[in-house]
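Step one of this worksheet: look at the structure below.
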There are 2 protein chains.
Amino acid sequence: MASPFKILLADDHVMFRRGVRSLIQGMDNVEVVGEAGDGFELLRLLKAIHPHLVIMDISMPNLRGLEATREIKILDPGVKVLILSMHKEREYLYHALTAGAEGYLLKEDADGELISAIETLRQGGTFISPLLSAQMADIFVDKFQAGSEPRTGPGEPLTIREREIVKLIAEGKSSKEMGQLLFISSRTVQHHRANIMRKLNLKKTADLVKYAIQKGYVMASVF
Amino acid sequence: MASPFKILLADDHVMFRRGVRSLIQGMDNVEVVGEAGDGFELLRLLKAIHPHLVIMDISMPNLRGLEATREIKILDPGVKVLILSMHKEREYLYHALTAGAEGYLLKEDADGELISAIETLRQGGTFISPLLSAQMADIFVDKFQAGSEPRTGPGEPLTIREREIVKLIAEGKSSKEMGQLLFISSRTVQHHRANIMRKLNLKKTADLVKYAIQKGYVMASVF
DNA sequence: TTGCCCCTGGGTATAAATACCTAGGCTATA
DNA sequence: TATAGCCTAGGTATTTATACCCAGGGGCAA
């Protein structure tokens with residue numbers, strides 16, 4: 001393999017990043033290309049570096065890990081995400097997978113399983129911490145890989161800007177509001193909107209919302 | 001208990017209905033109050049009888065079982081639904097639970113487990129066929145009971161008509177289209193729409209779509 | 001360089017949604 | 001009987017969305 005597997009680390013604890021980095025250094029053809037201390041920095045680096053994988057603390061500051069995961073999947077759906085978490089509760093796992101993460105690793109497992117997790121994700125798989133029973137993983141993975149497979153695949157017909165618009169529409173924003181948020185004219189937003197509708201062959205805002213949910217751009221919850 | 005637990009059977013096979021009925025006859029304070037051979041008949045009987053539980057074949061004609069389940073949850077969210085299915089695949093279980101069913105029983109299990117299933121649902125629980133591992137159930141039940149508990153509870157502020165409107169909006173229908181479908185004026189639809197928005201304290205169609213998905217009135221899929 | 005796609009912005013027009021107001025018939029219940 | 005809630009329907013006005021048209025600048029690749 002000529003091109004190494006590029007990894008971006010996102011965790012607010014320097015020591016933890018150092019530990020992960022040292023673990024990864026023992027792997028072949030895998031390289032840590034950047035580190036971020038919070039979500040904003042992560043997104044900035046993401047645009048600049050375009051890594052293959054982001055390893056992220058779920059409780060990272062400024063855009064918590066799951067929000068950042070959603071953003072990553074909108075900005076660059078091909079980037080895989082491995083969530084590091086201290087939470088054993090299944091709700092966290094569920095939300096991580098629905099946010100689009102391909103991996104969920106407990107920090108207490110990280111020492112022994114991180115390399116396996118990275119390898120699994122590198123090969124297109126999904127990795128769930130062994131402490132969270134394998135059955136759980138199967139279900140969610142089956143469901144959410146099947147339901148959102150084109151998220152990463154070549155079937156993604158939308159541009160980055162268009163995915164941003166889709167997310168905002170699904171959040172209930174009007175074209176005018178989106179224009180103000182994105183610092184562009186509402187007319188431009190309308191233009192994107194029309195292009196999205198045409199590309200996806202949709203007719204109604206309702207369809208767009210369902211598309212966004214299916215893609216994991218937003219959560220179905222109204223709360 | 002003075003009032004018996006009223007059950008409506010929906011299955012296109014008469015012999016199967018007969019078998020279920022005979023099984024139930026051995027139970028205390030449980031009564032089969034009607035039988036339907038397809039989905040349309042089921043909904044008609046539902047409005048007339050208002051049973052406590054519907055036991056339904058997943059592959060029933062004219063409105064398949066899952067569609068009928070969604071309709072039931074819109075028309076009368078307090079009615080519990082037990083799906084009878086020959087499908088072991090987890091996708092069917094998943095879709096049944098997201099459609100709002102409280103129970104999923106494999107036909108090959110029905111003989112030995114039907115009474116347990118009915119009792120469980122009667123007491124407000126969720127029953128999944130033992131052949132489908134218990135872990136699966138736990139996950140989904142936790143998720144979807146937590147996420148849609150008010151579906152059956154007193155927190156449901158919408159009327160039947162309003163829930164119908166919500167479902168149609170989430171399906172992408174315009175007020176004019178809904179008026180034609182429901183044989184009422186589009187102005188009436190707009191009035192319902194405004195009432196729904198006010199009751200739920202929502203502002204945008206996008207929020208309504210997410211509400212409908214959360215409630216299980218529609219699926220998030222755009223396909 | 002040339003072409004293609006993305007992002008940007010506007011004009012115009014129609015359709016739809018949203019926000020207020022009004023009110024009558026119906027049913028269930030206090 | 002009377003009160004309340006639900007479903008029905010219309011008036012009027014404003015805001016959005018949708019559907020067409022137009023075009024320029026920038027990046028990227030054949």
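Everything numeric in this text was worked out from a predicted model, so none of it was measured. To find a chain, count down the sequence lines: A is the first, B the second, and so on, and within it residues start at 1.
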Whole-Å distance between C/dA15 C1' and A/R193 CZ? 14 Å
5' priority, DNA chain C, between B/K204 and B/H191 [closest heavy atom]: B/K204
Can you tell me the distance, in whole Å, between the CG atom of B/N195 and the P atom of C/dA17? 16 Å
Are B/R64 and B/E67 close enough for a salt bridge, meaning some N to O gap below 4.0 Å? no
side-chain contact (heavy atoms from CB on, under 4.5 Å) between B/I7 and B/V33, worked out: CA-CA 6 Å; B/I7 298 181; B/V33 292; 5.8 Å; no
For the pair A/E35 and A/R17, find out whether any cationic side-chain nitrogen is under 4.0 Å from an anionic carboxylate oxygen. yes
Rounded to the Å, how far apart are A/K203 NZ and C/dT14 P? 19 Å
Taking CD1 from A/I165 and C1' from C/dT8, how many angstroms apart are they, rounded to a whole number? 12 Å
Crowded around B/R18 CZ? As in, over 12 foreign heavy atoms under 6.0 Å? no
What is the distance, rounded to the nearest whole Å, between atom NZ of A/K176 and atom P of C/dG9? 16 Å
Indicate, with a heavy-atom threshold strictly under 4.0 Å, whether A/T188 touches base, sugar-phosphate, or nothing. base
Tell me which of B/R161 and A/M197 sits closer to the 5' end of DNA chain D, going by the nucleotide each one is nearest to. B/R161
So does A/I184 get a backbone contact from the side chain of A/T188, meaning a donor-acceptor N/O pair under 3.5 Å? no
Determine, for B/K73 against B/E102, whether the closest basic-nitrogen to carboxylate-oxygen distance falls under 4.0 angstrom. yes
Rounded to the nearest Å, what distance is computed from the CG atom of residue A/L158 to the C1' atom of nucleotide C/dC7? 15 Å
Report the residues that fulfil ring pair (Phe, Tyr, Trp, His ring centres under 6.0 Å) with B/H52, sequence neighbours left out, ordered by chain and then residue number. B/F5
Students should find that the end-to-end axis angle of the helix from C/dT1-D/dA30 to C/dA30-D/dT1, with five pairs defining each axis and rounding to 10 degrees, is 40°
Near DNA chain D, counting only heavy atoms under 4.0 Å, which residues of residues 177-187 of chain B show up? B/I184, B/S185, B/R187
Nucleotide range of DNA chain D lying under 4.0 Å from chain B heavy atoms: D/dC6 to D/dT12
Expressed in angstrom and rounded to an integer, what is the separation of B/L208 atom CG from C/dT18 atom P? 8 Å
For B/E162, the side chain to side chain donor-acceptor pair (under 3.5 Å) test, sequence neighbours excluded, returns B/T159, B/K199
Atom pair CG/CE of A/L9 and A/M60 - distance to nearest 0.5 Å: 11.5 Å
What is the distance, to the nearest angstrom, from the CG atom on B/L202 to the P atom on C/dT18? 11 Å
Intermediate values then yes/no, side-chain contact (heavy atoms from CB on, under 4.5 Å), B/M56 and B/L84: CA-CA 6 Å; B/M56 180 162 37; B/L84 286 175; over 6 Å; no
Suppose the criterion is salt bridge (Lys or Arg N to Asp or Glu O under 4.0 Å): which pairs have a residue in residues 168-182 of chain B, not counting sequence neighbours? B/K167-B/E171, B/E171-B/K173
